[in-house]
Amino acid sequence: MKIATWNVNSIRARLTRVIPWLTEHAPDVVCLQETKVEDGLFPMDELTALGYQATIHGQKTYNGVAILSRSPLTDVTRGFGDGAPDEQARFIVGKVDGVRVASAYIPNGQSVGSDKFAYKLDWLRRCRAWLDGHADPAEPLALCGDFNVAPDDRDVYDPVAWKDQVLCHPDERQGLRALQDWGLEDLFRRHHALAGFYSWWDYRQLGFPKNRGLRIDHILCTGALAARSQDVVIDRNARKGKDASDHAPVIATFG
DNA sequence: ATGGTTGCTTAGCAA
């Protein structure tokens with residue numbers, strides 16, 4: 001079983017890359033972020049034609065998450081359902097082939113100390129609260145998405161320049177760690193210990209050609225699922241060439 | 001050098 005996560009930076013703008021990618025890699029489940037489209041305009045037919053059903057939680061212009069799956073997705077919920085005012089479509093979860101899968105688009109945070117940064121930290125707290133109230137560390141669960149947090153300095157091309165900056169600040173790293181403390185493992189690090197693996201490169205200033213990247217897209221798994229993990233790869237090829245997202249997909253393979 | 005690139009929407013925001 002293959003589970004992938006990919007911030008596509010607009011599903012409609014990315015279809016010419018997403019469709020051949022799905023054909024090439026044939027993942028069973030794909031968590032998408034930044035679909036940037038309201039539900040009525042989601043390109044459903046193009047994906048169902050490839051054998052995927054799309055379960056979507058979108059909005060106009062910004063954010064938007066989805067889960068593509070070959071098997072039906074059941075027990076679907078959208079948002080945290082915690083009563084907090086939140087019109088931003090950033091979280092969807094369902095169950096497929098016996099695994100609970102969530103697609104999450106953690107707020108970027110813009111800059112340390114900004115209102116958006118405070119919202120990001122609060123969002124991470126709400127995500128932990130969702131785990132506490134709605135999930136079980138003993139069940140097979142994968143929390144996948146663009147976390148907009150590089151877990152440690154191995155995940156940053158220039159840790160000195162990025163020290164205490166947004167995506168690397170200790171407060172957001174602690175927010176991510178609180179999710180792991182609940183009972184989730186950064187699955188990539190189960191298989192790869194070295195520095196220098198990135199999943200996002202800024203469009204600006206030749207970020208990708210110069211390999212100025214950060215690893216901010218993650219697949220976090222409970223132990224029951226992590227025990228079945230065979231490998232995790234970041235598909236840099238999907239970041240290459242014309243009309244690429246600024247994020248590469250992360251693909252986990254389970255036995 | 002407060003820049004630069006991309007997407008959505010169509011001037012300005014978000015990333």
Side-chain angles (χ1 to χ4, degrees), chain A residues 5-19 21 31-44 46-47 54 56-66 85-92 103-124 127 144-151 155-158 160-169 171-173 175-176 198-218 234-250:
Chain A
T5 184
W6 194 4
N7 179 325
V8 290
N9 186 21
S10 169
I11 184 62
R12 289 179 294 177
R14 212 61 58 210
L15 268 186
T16 59
R17 299 293 301 252
V18 170
I19 287 171
W21 185 87
C31 296
L32 300 176
Q33 301 86 38
E34 279 209 271
T35 54
K36 288 187 170 179
V37 63
E38 56 196 297
D39 291 351
L41 297 176
F42 190 94
M44 199 65 75
E46 292 87 338
L47 297 167
I56 60 181
H57 180 37
Q59 68 179 86
K60 188 175 178 177
T61 310
Y62 301 121
N63 308 314
V65 288
D86 196 344
E87 57 293 325
Q88 301 187 23
R90 295 181 176 274
F91 189 78
I92 187 169
S103 179
Y105 177 44
I106 284 72
N108 172 280
Q110 196 165 67
S111 61
V112 174
S114 66
D115 289 348
K116 290 195 174 82
F117 190 75
Y119 181 78
K120 178 183 197 173
L121 297 182
D122 190 55
W123 201 96
L124 285 164
C127 190
C144 309
D146 174 5
F147 286 76
N148 271 311
V149 180
D155 305 310
V156 185
Y157 74 91
D158 186 347
V160 174
W162 282 81
K163 180 177 167 55
D164 295 340
Q165 300 298 305
V166 72
L167 311 186
C168 299
H169 190 276
D171 291 350
E172 46 192 315
R173 284 178 168 172
L176 174 60
Y198 311 130
S199 66
W200 167 82
W201 300 258
D202 201 310
Y203 280 129
R204 296 167 288 188
Q205 296 181 302
L206 301 173
F208 184 68
K210 294 180 177 177
N211 198 27
R212 296 180 174 176
L214 276 68
R215 191 176 69 89
I216 58 176
D217 299 87
H218 308 302
I234 301 173
D235 180 22
R236 291 183 90 260
N237 286 330
R239 180 62 176 81
K240 297 176 182 174
K242 183 172 161 53
D243 296 327
S245 171
D246 47 351
H247 294 253
V250 184

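The chains referred to below are lettered A, B, ... by the order of the sequence lines, with proteins before strands, and numbering in each begins at 1. FYI, side chains are in, hydrogens and waters are out, and symmetry mates aren't considered; it's all heavy atoms of this structure.
Taking atom P in both dT9(B) and dT5(B), one finds a spacing of 22 Å when rounded to whole Å. Atom P of dA1(B) sits at a distance of 25 Å from the matching atom of dT6(B), rounded to the whole Å. Nucleotides dC8(B) and dG3(B), compared at atom P, are 24 Å apart to the nearest Å. Here, dG4(B) and dT10(B) have their P atoms 23 Å apart, quoted to the whole Å.
Asp246(A) has its CG atom 14 Å from the P atom of dT5(B), to the nearest Å. Here dA14(B) presents its C1' atom at 13 Å from CG of Asp146(A), a figure rounded to the nearest Å. Nucleotide dT6(B) holds its C1' atom 14 Å from the CD atom of Gln205(A), rounded to whole Å. Separating the CG atom of Asn108(A) from the P atom of dT6(B) is a distance of 18 Å, rounded to the nearest angstrom. Nucleotide dA15(B) holds its C1' atom 8 Å from the CH2 atom of Trp200(A), rounded to whole Å. Straight-line distance from the CH2 atom of Trp201(A) to the C1' atom of dA15(B): 16 Å, rounded to whole Å. Distance, Asn63(A) CG to dA15(B) C1': 10 Å, rounded to whole Å. Separating the OH atom of Tyr119(A) from the P atom of dA14(B) is a distance of 13 Å, rounded to the nearest angstrom.
In this view, Asp39(A) satisfies the side-chain hydrogen bond (donor to acceptor under 3.5 Å, both in side chains) rule with no residue, not counting sequence neighbours. Listed by chain and number, the residues in a side-chain hydrogen bond (donor to acceptor under 3.5 Å, both in side chains) with Gln88(A) are Arg90(A) (sequence neighbours excluded). His169(A) meets the ring-ring contact (aromatic ring centres under 6.0 Å, His included) test with Phe117(A); sequence neighbours excluded. Residues meeting the salt bridge (Lys or Arg N to Asp or Glu O under 4.0 Å) test with Asp155(A), sequence neighbours left out: Arg189(A), Arg215(A).
Between Lys116(A) and Leu206(A), the residue anchored nearer the 5' end of DNA chain B, judged by the nucleotide with its closest heavy atom, is Leu206(A). Ranked by how close their nearest DNA chain B nucleotide is to the 5' end, Pro107(A) and Asp202(A) are led by Asp202(A).
Residue pairs meeting the side chain to side chain donor-acceptor pair (under 3.5 Å) criterion with at least one member in residues 8-18 of chain A, sequence neighbours excluded: Asn9(A)-Lys36(A), Asn9(A)-Tyr203(A).
In this structure, Tyr105(A) reaches the sugar-phosphate backbone alone: every heavy-atom distance under 4.0 Å involves primed, P, OP1 or OP2 atoms, never a base.
A donor atom on one side chain and an acceptor atom on the other are found under 3.5 Å apart for Asn7(A) and Glu34(A). A donor-acceptor contact closer than 3.5 angstrom is absent between the side chains of Asp246(A) and Trp201(A).
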Between protein and nucleic acid, restricted to nucleotides 7-10 of chain B and to nitrogen or oxygen atoms under 3.5 Å apart, what atom pairs and distances do you find?
{"from": "dG7(B)", "atom 1": "OP1", "to": "Arg14(A)", "atom 2": "NH1", "distance (Å)": "3.3"}
{"from": "dG7(B)", "atom 1": "OP1", "to": "Arg14(A)", "atom 2": "NH2", "distance (Å)": "3.4"}
{"from": "dG7(B)", "atom 1": "O3'", "to": "Ser10(A)", "atom 2": "OG", "distance (Å)": "3.3"}
{"from": "dC8(B)", "atom 1": "OP1", "to": "Ser10(A)", "atom 2": "OG", "distance (Å)": "2.2"}
{"from": "dT9(B)", "atom 1": "OP1", "to": "Thr61(A)", "atom 2": "OG1", "distance (Å)": "2.8"}

